[in-house]
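Written below as structure tokens is the structure these notes are about.
Everything numeric here is computed off the predicted structure, so don't read it as measured data. In this chain, numbering begins with 1 at the start of the sequence shown. The figures here come from the full heavy-atom set of this structure, side chains too, leaving out hydrogens, waters and symmetry mates.
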Amino acid sequence: MACSGRLAEVLNEDALVRICRFLPARPLLELGSSCSDFYHRARNSKELWKGLCSFLLGDTTLMLHEASWSSSSTLGSTAEFYRRLFRAAWSCEDFCYDHRLRRSLLMSLQNEAEGEGSRNQSTELLCMSGHSSETLGPLVIQIGGMRNSLQPDDIVHVTVINLQNRQILRPTLTEDSLKPLQRMRHASCVVMPNSLPQDAAFPGAILVLGGHDANTRAPRLGTPRPAMRRLMFLQVTKDDGSQIRWIERQAFGTIPEYMYNLACASFADGKKVCVFGGDIPTSEEEYERIQDRTCCSFVYVLELTTCTWSAIRTRGLAPDWRSFHAAVSHTSFLDGKDYLITFGGSSEHCEPLAGGHLADMRGYQLDLHDFKWQMGPAEDLPAPRLRFGVARWGRHLLVHGGHGNGLHQSVTRLNLHTLKWGRLKFTNAPPPLGASAFETGAPQAGIVVGGAQQTVLGPRILQRLVVLRLRDHLVEEDGALAPEESHIATGDDERGEADMAMTEVRLQIQTAGGQRRVVSIPVSMLATLGSDQAGATGLLRLLQAVEDNADDADPGPRPAPCPAP
């Protein structure tokens, strides 16, 4: 024991951290219990506990909590500070909505706006659904998705949220960047390829796979994108996220050319990618492999070093092939192996923009070393859902939003080791969400963007931002806001059905004299009467009569008739 004490005295901080990181858990605990000097050195090592928090939460989520917790407590960035954060992240139970950080991010949009046009463009940075979200350094990056205004030749939209600068921005493209077409219902993950340019601001790149056309105003809406054999990589070339580059690489091997509603995850230190689930056009040869979705004992694996796809057979009790589901990889704290976790979605083949019957939320775990499935317990499952967002928080997955069975801003968690579901506790309320609206963004580093709302005229994409994080137990009022700060709009995300009644549409009618007139009526009235042929006909006759009477009462000059809308 004396020898151990003298050893602990001469260890510098870096050596201490290395020993604690590389020793297995049991020998490390035995060493700490037999050597009090080593125990106290480890307990008071700021670098050790900060490193553990980074490993558990990831650098981006750690940065979120360092800023929010340090501003609300007196401990600052000490070993005790990181020990408290580690304990909170390990249990992953107590959360709050960070309205102050949300407000700060939204203020960055207002500061950038110069006039009405740029203000509208700024709020559009938070308007999306069917997108994906990844993190690099201090950045939370939102990629693609359906928007309220898209053109056929629009490229993939990217919104960057910089948690260090507290700024929301749309990055510019480098001169040598490709311009991939817009898409939704694709999949993405952070990878570590060797063949990309080395001038990126971060070592990782984001791989974007599959998807389909998202332009609601074009006849090609829902057309799948050829993005499985043509690998699209996104690099961030400036560390503040203000500039990006798109790069394409050709892939080979066994993979369909077109795929959507899929999920992917990287493993083997970012050198491999596993794809499970997704819909394939029936005209593709690979569709035969998933035609019977109850007998799909395989996954697609991409070797990034050779850009080669393979269909790998799996063993064990495999889940049905899924769409609109989740698939996330993680390295186990228990055995150091890589695993893929999947659940939810639909077990039916889904056409673009369509859904299917809900599958349950039972978790399935695939060992990415021997490709054997393990099934989680069937008890205490949350409500099934589609189009939800997920993100790894330590040894748990946070599941946010989605729709199905009356969900409303539902947040729950899955233990990655036991595959058991648990509840979260929030000490305050999220930003209000309109009637028939649901969120679709993933809670990457606590940032949730976008969503959709069912309206009388069909789905409308939300301009929405939500920020959530672990609660600081030392601060009783953590997450609270003054009443005047509690409802900060992101654009039109709080509009409900009542607001739709104030929206007007223009109709063209023809008077008895043969003249054409354009009149405006509330959209709610049009929707109500449009479901009843007699009511719609009566409304049209009433409008024509009003215009005829106006012509009789005012024989003066009339403006030229408007063209048909």
Side-chain angles (χ1 to χ4, degrees), residues 25 56-57 89-93 95 187 189 261-267 274-278 290 293-301 312-348 356-405 407 410-425 442-444:
L56 192 64
L57 291 171
W90 185 262
S91 61
C92 198
E93 293 178 345
F95 282 78
C189 59
N261 298 337
L262 70 159
C264 71
S266 63
F267 65 105
C274 181
V275 169
F276 173 78
I290 66 162
R293 295 166 75 96
T294 63
C295 301
C296 297
S297 298
F298 78 99
V299 292
Y300 293 111
V301 173
I312 305 296
R313 289 191 58 84
T314 60
R315 302 181 294 120
L317 297 174
D320 296 343
W321 198 255
R322 300 291 176 92
S323 303
F324 297 109
H325 57 301
V328 180
S329 64
H330 76 103
T331 301
S332 173
F333 295 105
L334 301 179
D335 56 19
K337 291 184 178 180
D338 291 329
Y339 292 93
L340 179 84
I341 308 295
T342 188
F343 52 85
S346 174
S347 296
E348 292 185 331
H357 291 297
L358 298 175
D360 64 38
M361 298 287 282
R362 189 171 190 172
Y364 290 83
Q365 174 180 275
L366 178 66
D367 187 327
L368 292 170
H369 174 70
D370 61 12
F371 292 94
K372 182 177 181 180
W373 287 101
Q374 179 181 342
M375 186 167 51
E379 296 79 23
D380 302 321
L381 301 182
R385 64 196 74 190
L386 298 171
R387 300 179 176 93
F388 53 92
V390 300
R392 186 177 72 85
W393 281 59
R395 59 195 188 109
H396 293 87
L397 285 182
L398 291 195
V399 181
H400 189 279
H403 67 93
N405 297 345
L407 291 171
S410 172
V411 189
T412 186
R413 63 178 177 137
L414 175 70
N415 188 296
L416 291 169
H417 303 299
T418 65
L419 299 182
K420 293 181 179 180
W421 290 93
R423 296 181 179 180
L424 305 180
K425 295 182 292 184
Q444 294 282 7

Shortest non-hydrogen contact from [X] toward [Y]:
{"X": "Ile290", "Y": "Gly278", "value": "CD1-O, 3.8 Å"}
{"X": "Pro384", "Y": "Ala359", "value": "CB-O, 3.2 Å"}
{"X": "Thr331", "Y": "Gly336", "value": "CG2-O, 3.6 Å"}
{"X": "Ala326", "Y": "Phe388", "value": "CB-CE1, 3.6 Å"}
{"X": "Ala263", "Y": "Ala187", "value": "CA-CB, 4.1 Å"}

Partners meeting ring pair (Phe, Tyr, Trp, His ring centres under 6.0 Å) with His396 (sequence neighbours left out):
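Checked His396 against ring pair (Phe, Tyr, Trp, His ring centres under 6.0 Å); zero matches.
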What distance do [X] atom [atom1] and [Y] atom [atom2] have between them, rounded to the nearest 0.5 Å?
{"X": "Leu414", "Y": "Lys420", "atom1": "CG", "atom2": "NZ", "answer": "11.5 Å"}
{"X": "Leu424", "Y": "Trp393", "atom1": "CG", "atom2": "CH2", "answer": "9.5 Å"}
{"X": "Ser347", "Y": "Arg322", "atom1": "OG", "atom2": "CZ", "answer": "4.0 Å"}
{"X": "Gln444", "Y": "Leu398", "atom1": "CD", "atom2": "CG", "answer": "10.0 Å"}
{"X": "Leu419", "Y": "Met361", "atom1": "CG", "atom2": "CE", "answer": "12.5 Å"}
{"X": "Cys274", "Y": "Asp338", "atom1": "SG", "atom2": "CG", "answer": "10.5 Å"}

Less than 4.5 Å apart, side chain to side chain, heavy atoms only: is that true for [X] and [Y]?
{"X": "Arg293", "Y": "Ser323", "result": "yes"}
{"X": "Tyr300", "Y": "Phe276", "result": "no"}
{"X": "Pro382", "Y": "Val399", "result": "no"}
{"X": "Leu386", "Y": "Ser346", "result": "yes"}
{"X": "Asn415", "Y": "Arg395", "result": "yes"}

Mind checking what makes side-chain hydrogen bond (donor to acceptor under 3.5 Å, both in side chains) contact with [X], not counting sequence neighbours?
{"X": "Thr314", "result": "Trp373"}
{"X": "Asp320", "result": "none"}
{"X": "Arg392", "result": "none"}
{"X": "Thr342", "result": "none"}

Applying salt bridge (Lys or Arg N to Asp or Glu O under 4.0 Å), which residue pairs with at least one partner in residues 366-376 are found, sequence neighbours left out?
Arg315-Asp370, Lys337-Asp367
Check the pair Val390 / Ile341 against side-chain contact (heavy atoms from CB on, under 4.5 Å), numbers first and verdict last.
CA-CA 11 Å; Val390 300; Ile341 308 295; over 6 Å; no
Test ring pair (Phe, Tyr, Trp, His ring centres under 6.0 Å), reference Phe343, set Trp421, Phe324, Tyr364, output is Trp421
Those residues that, when tested against [X], pass side-chain contact (heavy atoms from CB on, under 4.5 Å) (two or more places apart):
{"X": "Ser266", "value": "Cys189, Val191, Val273"}
{"X": "Glu93", "value": "Ser91, Arg413"}
{"X": "Ser332", "value": "His330, Leu334, Asp335, Tyr339, His417"}
{"X": "Val301", "value": "Phe267, Val299, Ile312, Phe371"}

